[in-house]
J.: 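The structure's right below; bear with me while I get my questions together.
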Amino acid sequence: MWNGGVGVGVQRGLLALVSTLLLVFLIVWHFKRRRMVKLIERLPGPPALPILGNALDVNIDIMDLFPLGMLVVREYGPIMRAWLGTAPLVIISGAKQAETVLCSVRYLDKPHEYSFFHPWLGSTGLFVADGPLWHHRRRLLTPAFHLKILEQYVEVFTLQTSKMAEKLHHHVGGEVFPIFPYITNCTLDAICETIMGTSVNAQDNPDSEYVEAVQQIQGLIQQRMLNFWQHPDFMFRLLGYERKQTQLLATLHSFTRDIIARRRELYLAQRNHTQEGKRPRLAFLDLLLEYSEDGRVLSEQDIREEVDLFVFAGHDTTAAAINWTLYLLGDNPDIQELVYEELEGIFGDSTRAANVEDLREMRCLERCIKEAMRLYPSAPYIGRVPLEDVVIDGYTIPAGTKLMLLSYALHRDPSQFPDPEKFDPDRFLSENISQRHPFSYIPFSAGPRSCLGQKFGMMEMKVMLSHFLRQYRIESVVPKEEIKVRSEIVLRPNDGTLVRLYHRRGSCGGGDNMNSECKPSEGVENSTVGKGDYYEIRKR
Ligand code: HEM
């Protein structure tokens with residue numbers, strides 16, 4: 001009886017202590033956040049629950065997120081707030097507001113979620129690094145994307161598209177099939193060959209360990225970003241995802257390390273060649289090897305991280321943009337005919353491959369690509385975190401607040417793009433561009449941290465699309481109003497984009513024909529890069 005009385009007393013005492021501590025914690029927390037909450041609450045935004053904020057509103061199907069986003073930004077305007085639990089999120093969907101964020105070097109850091117890429121891409125690589133480290137890497141890597149260097153890649157893009165066209169051959173004639181997986185494997189082959197100088201043969205061998213690991217790691221990171229309960233490391237571990245990630249990383253990293261080792265041997269052999277005055281620069285990796293010769297500028301690990309980054313940043317984004325352009329052309333046969341006429345004007349009856357001069361002539365195709373990236377930007381949102389308080393459109397946003405630039409909504413602003421859902425490539429005629437705010441269209445982001453691979457991507461898309469459209473007529477099966485997109489890091493079609501294909505060249509079969517005559521482009525022939533070196537590398 002007496003003992004029981006003491007036990008109850010101790011329990012009550014403990015409860016009172018814990019409650020007091022919790023109360024003190026909540027009061028301190030509340031006062032610390034008071035200024036931030038006050039500033040954020042000045043922004044328009046939907047009503048939020050205590051603690052949960054708007055978390056329940058966004059706990060919906062991944063396909064419904066962007067339609068919901070469109071509704072809220074139309075209701076609350078180009079700068080608005082939401083609460084993800086107790087954390088504020090400022091959503092920007094106006095050109096003027098986007099300009100303030102993207103143009104300032106003070107707001108360059110990326111949100112915490114980007115750190116989920118660290119195990120794969122490292123924490124010092126260009127895409128994920130912040131501050132002075134990012135500056136240094138950006139300066140170092142920019143020369144690798146000089147037009148003269150990119151021109152030599154036209155040949156790779158052509159060869160890979162020829163392969164894709166050949167594989168699509170058996171679908172011709174009215175069968176409905178999803179085209180997106182073909183495009184993804186094609187761009188993966190192209191990026192690996194241009195960045196690492198090595199073919200991964202994703203098109204011939206889509207089930208290879210490396211190809212599967214590239215797809216799966218992106219899926220893991222993607223789902224971790226979207227599901228906040230997987231954010232803490234211990235939860236990620238507890239749910240078994242970390243083990244899976246470690247397995248995938250073993251495959252990915254050992255593959256890249258092996259490539260680098262083999263390429264280094266080749267590089268050293270070629271360097272000796274150079275001393276005789278014949279040195280080619282072949283792949284992006286060669287430039288990195290050059291920087292690392294004395295081990296001071298880039299370490300072995302730095303090189304691996306950058307190579308992995310460029311494979312990641314350069315293949316899915318381009319695949320998605322090619323996919324959406326094809327989808328929209330298949331949905332707008334009259335515009336597809338205009339593109340085909342343009343290509344006929346450039347190539348006539350010839351089945352030769354495109355060269356750099358041809359690419360410059362493809363103005364109608366370029367407008368279609370740009371319009372497709374307006375409606376379906378490969379990177380539908382861009383994250384930033386200001387390092388100090390910033391004033392955007394008259395609102396003070398406290399340092400550390402997560403900013404989300406929603407390009408998907410920005411590109412549908414009716415004040416900049418009247419009748420925004422309509423596919424109208426003429427919006428990109430120069431007289432129409434000059435009427436718009438320069439930040440109303442940002443598929444490659446903008447400002448100092450914009451996409452480094454923009455020219456590379458544009459060139460690749462033009463080569464691949466022109467090659468494809470000269471051979472095939474495409475018909476989209478699902479009308480645009482019924483299209484569902486997955487609101488992920490890269491904007492993918494939910495159904496793989498269902499299409500039908502028809503030959504352009506009747507019974508002679510464009511695919512085979514064009515393959516047989518596919519020559520290295522003039523750009524490569526005339527460039528300063530040593531002729532035939534590409535093939536030399538591939539044979540080895
Ligand atoms: C259609 C194709 C592409 C699109 C739409 C695209 C879009 C973007 C966007 C929106 C960003 C900014 C991301 C952010 O700040 O969060 C970005 C960054 C980047 N992109 Fe691309 N990209 C494409 C192709 C490529 C290619 C082919 C490469 C490389 C070969 C590449 C390399 C990069 C790199 C390295 C960055 C980081 C730049 C930095 O932080 O300084 N991209 N891209």
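Counting starts at 1 for both ligands and their atoms, following the listed order.
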J.: Is a donor on one side and an acceptor on the other found under 3.5 Å between the side chain of Q336 and the backbone of L329?
T.: yes
J.: Does ligand 1 have any N/O pairs with the protein under 3.5 Å, and how far apart?
T.:
| residue | atom | partner | partner atom | Å |
| --- | --- | --- | --- | --- |
| ligand 1 | 15 (O) | K110 | NZ | 3.4 |
| ligand 1 | 15 (O) | R384 | NH1 | 3.1 |
| ligand 1 | 15 (O) | R384 | NH2 | 2.9 |
| ligand 1 | 16 (O) | Y114 | OH | 2.8 |
| ligand 1 | 40 (O) | R449 | NE | 2.8 |
| ligand 1 | 41 (O) | W134 | NE1 | 2.7 |
| ligand 1 | 41 (O) | R138 | NH1 | 2.7 |

J.: Under the ring-ring contact (aromatic ring centres under 6.0 Å, His included) rule, collect the residues that match up with F228, sequence neighbours excluded.
T.: none
J.: Strictly below 4.0 Å, N to O, side chains only: are E113 and R224 in salt-bridge contact?
T.: no
J.: Do the rings of Y114 and F127 sit parallel, tilted or perpendicular, given the 30° and 60° boundaries?
T.: tilted
J.: Are R363 and E366 ion-paired here, with the side-chain N under 4.0 Å from a carboxylate O?
T.: no
J.: State plainly whether the residues D286 and R263 are in salt-bridge range, i.e. N to O under 4.0 Å.
T.: yes
